[in-house]
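Here's the structure, in structure tokens; my notes come after.
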Amino acid sequence: MYLLDIIDNFGKTNNIAHIYRENILTYEDLKKKSDALAFYLIKILDHDQSPIIVYGHKENEMLICFLACVKSGHPYVPLDSSIPDQRVKRIIERSGSKLIFCLEEIVLDTTNIMIIDKTKINELISSFLGKTPDIKFRVHNDDVFYIIYTSGSTGNPKGVQITLSSLESFVMWGLNICNLNNKQQYVFMNQAPFSFDLSVMDLYLSLASGSTLFSIDKQMISNLGELFRYFSQAKLDVWVSTPSFAELCLADKSFNDLLLPDLKLFLFCGEVLSNKCAEKLLERFKNARIINMYGPTETTVAVTAVEITQKLCKSYNPLPVGYAKNDCKILIIDSDGEIISDENKKGEIYIAGDSVSIGYYKDEDITKKAFSKITLDGQEKRCYKTGDLGYYNDGMLHYSGRIDYQIKLSGHRIELEEIDNALRELNIIKHATVIPVSKNGRIHYLTAVVVLNRAFEQTDFEIGLLIKKELSRILPDYMIPRKIIFRESVPLTINGKINRKALTEELQ
Ligand code: AMP
């Protein structure tokens with residue numbers, strides 16, 4: 001498979017690559033415009049392979065910029081416009097990017113990067129339209145195709161590097177699982193912002209099959225009425241989202257196969273798919289199949305999958321996450337580092353094989369902690385220590401939580417320690433920690449427990465607002481604790497750390 005050739009070849013058809021509100025991007029335009037922009041990039045960055053940041057939301061130009069970057073030999077770093085400017089600045093500094101495509105406004109008080117805004121992007125495309133970049137400049141097999149930044153426990157986001165061959169392996173496996181052979185072209189829904197690796201699933205399964213990506217934006221997600229009106233014209237075939245988003249839609253009774261009569265497939269990944277959610281979907285969408293997939297960003301979107309049927313819902317609670325893809329091996333390792341071969345015995349999930357990232361960009365220390373090499377069938381393979389707990393049952397992998405402080409909140413991956421660090425950076429705070437508050441086994445919101453370093457005249461409410469405002473400069477909205485509780489002191493463990501466990505029990 002050569003992904004870029006496949007996508008470019010659809011440029012000879014009349015297929016639509018992307019629909020976002022009233023904006024339509026054809027495959028022909030995607031090819032021509034990404035070629036033009038790649039030609040420009042080769043001209044100005046001349047043999048340099050530094051990552052290029054693409055900042056925006058669901059604009060057509062996001063796709064054009066992604067392909068232009070890789071056609072000119074640069075990995076792209078997708079950053080959603082909901083990411084605060086300070087965090088973008090931090091990522092720019094850590095990535096060493098020399099150029100940022102900005103499809104939405106951003107204030108960057110840095111001179112270390114060339115900023116190309118939407119108007120300029122379109123001017124450049126017009127100037128170079130018709131030019132074809134030399135394919136020798138493209139990102140090749142073991143070159144990095146994209147870098148996705150995820151929350152990091154040290155306080156800095158981690159840049160997960162994914163190569164073209166890992167992406168191609170995911171796409172081939174994913175299309176096989178979709179098994180959508182009775183029609184030439186499909187409509188895939190894109191819900192996740194492009195800065196989350198879940199979006200890689202809909203974006204590249206769609207582009208690699210000449211299908212249409214139908215993007216929804218954050219405004220629609222906050223208004224189900226508007227979203228469902230938009231859905232009614234969508235002719236969606238494939239739904240890709242976190243289970244949380246499907247649950248949000250299921251809260252409205254009109255979310256059923258009358259609204260989405262063409263829907264054939266739900267692809268879920270990123271967090272626990274509950275039996276209740278799967279059962280409701282099977283009931284409301286009689287002709288759709290559900291696939292539960294599992295995998296961290298570090299192993300290219302997903303590495304296991306299983307179809308969730310009524311029978312499976314009755315047989316397992318929680319539901320399994322499935323069988324590993326062919327070129328990956330999933331190991332369950334005990335606390336002594338030994339492989340567990342017994343079924344039903346829990347251990348940490350390690351993933352080995354070609355889907356595993358080559359490591360975190362420019363961060364050897366944390367790369368060494370999470371990545372290693374192992375020998376599989378006589379060949380050395382990359383291996384990633386996930387921090388997830390799991391076990392095998394009936395030959396299928398089952399997920400059973402985390403061994404650390406990484407959580408999922410409405411599908412968002414968060415390292416609680418990153419928020420702790422951000423809180424402690426505020427000079428009014430002496431101690432702080434963040435506690436996830438759960439309801440019915442699912443994390444509902446975050447509460448920050450804070451000890452101030454002196455008495456203040458303002459009320460707790462006012463100080464809480466001030467803290468949230470400060471946090472919003474560096475953290476995305478979904479990482480801002482909903483509640484802030486003030487204490488004179490916090491419980492400590494014997495070795496002097498904040499006793500998160502005691503606080504968690506207290507706050508449920
Ligand atoms: P991300 O890197 O954002 O894709 O998050 C990866 C993490 O999400 C994994 O390490 C798991 O903790 C969790 N996760 C992914 N898929 C599933 C799933 N199907 N069921 C339960 N948890 C999942």
Side-chain angles (χ1 to χ4, degrees), residues 78 80 146-153 157-162 166-167 170 174 177 191-203 240-247 266-278 290-308 312 316-325 328 330 332 346-351 355-357 360 366 370-371 383-391 393 396-416 418 436 441-443 476 478-479:
D80 189 70
Y146 64 79
I147 303 176
I148 283 186
Y149 276 82
T150 70
S151 175
S153 58
K158 303 182 282 199
V160 182
Q161 306 180 81
I162 299 297
S166 297
L167 176 62
F170 167 74
I177 284 173
Q191 172 251 328
F194 292 117
S195 48
F196 291 102
D197 91 322
L198 181 60
S199 70
V200 172
M201 172 137 44
D202 44 75
L203 174 60
V240 181
S241 82
T242 55
S244 290
F245 182 63
E247 279 172 21
F266 286 95
L267 299 178
F268 290 119
C269 192
E271 60 179 348
V272 174
L273 171 66
S274 70
N275 288 58
K276 208 163 137 196
C277 174
I290 299 177
I291 310 282
N292 191 19
M293 293 165 130
Y294 157 87
T297 307
E298 285 83 345
T299 61
T300 322
V301 193
V303 287
T304 72
V306 62
E307 181 169 349
I308 305 295
L312 223 71
Y316 301 95
N317 193 351
L319 293 167
V321 294
Y323 305 96
K325 65 201 274 280
C328 283
I330 294 183
I332 308 291
K346 268 187 209 171
E348 185 174 355
I349 302 175
Y350 281 59
I351 300 169
S355 297
V356 175
S357 158
Y360 300 113
I366 53 162
F371 294 90
C383 181
Y384 175 64
K385 178 181 184 327
T386 63
D388 290 331
L389 275 174
Y391 59 94
N393 185 6
M396 285 182 286
L397 183 69
H398 289 248
Y399 169 85
S400 41
R402 295 284 307 172
I403 58 171
D404 58 10
Y405 300 120
Q406 181 183 299
I407 58 146
K408 281 282 168 131
L409 177 61
S410 308
H412 298 292
R413 170 170 159 177
I414 301 172
E415 298 276 357
L416 292 177
E418 185 176 356
R442 186 179 275 271
I443 295 173
Y478 61 83
M479 287 174 83

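Counting starts at 1 for both ligands and their atoms, following the listed order. Small disclaimer: the values here were computed from a predicted structure and weren't measured.
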Identity and separation of the nearest protein heavy atom to atom 16 (N) of ligand 1: Gly270 N, 3.1 Å

Parallel, tilted or perpendicular: rings of Phe196 and His412 (30°, 60°): tilted

Nearest non-hydrogen partners of Phe194 and Ile148, listed with the distance: O-CD1, 4.3 Å

Subset of ligand 1 atoms that lie under 4.0 Å from at least one heavy atom of Arg402: 10 (O), 12 (O)

Within reach of ligand 1, part of Asp388 (heavy-atom separation under 4.0 Å): side chain

Side chain proximity check, Val306 to Leu312, heavy atoms < 4.5 angstrom: yes

Minimum non-hydrogen distance to atom 20 (N) of ligand 1, winning option of Glu298, Glu271, His398: Glu271

Contact atoms of ligand 1, heavy-atom distance to Val321 under 4.0 Å: 18 (C), 19 (N), 20 (N)

Ion pair check, Arg442 and Glu247, cut-off under 4.0 Å: yes

NZ/Lys408: more than 12 non-hydrogen atoms of other groups inside 6.0 Å: yes

Aromatic plane relationship, His398 with Tyr316 - under 30° parallel, 30 to 60° tilted, over 60° perpendicular: tilted

Contact partition for Leu273 relative to ligand 1, non-hydrogen atoms under 4.0 Å: neither

Contact partition for Met293 relative to ligand 1, non-hydrogen atoms under 4.0 Å: backbone

N or O pair under 3.5 Å between Asn292 and ligand 1: yes

Protein heavy atom at shortest distance from atom 3 (O) of ligand 1: Lys408 NZ, 2.9 Å

Ligand 1 to Pro296 polar contact by distance, N or O atoms, under 3.5 Å: no

Lys/Arg-Asp/Glu bridge criterion (N-O < 4.0 Å) met for Arg402, Glu271: no

Any side-chain donor near an acceptor of the partner, Lys325 and Thr304, under 3.5 Å: no

Residue Gly295 vicinity, atoms of ligand 1 by number, heavy atom under 4.0 Å: 4 (O), 6 (C), 15 (C), 16 (N)

Part of Val272 within contact of ligand 1 (heavy atoms, under 4.0 Å): both

Atom CZ of Phe371: over 12 foreign heavy atoms under 6.0 Å: yes

Heavy-atom nearest neighbour of atom 4 (O) of ligand 1 within options Ile148, Val160, Asp197: Asp197

side-chain contact (heavy atoms from CB on, under 4.5 Å) between Tyr478 and Ile414, worked out: CA-CA 9 Å; Tyr478 61 83; Ile414 301 172; 3.8 Å; yes

Atoms in ligand 1 with a heavy atom of Thr297 nearer than 4.0 Å: 1 (P), 2 (O), 3 (O), 4 (O)

Residue part near ligand 1, for Tyr399, under 4.0 Å between non-hydrogen atoms: side chain

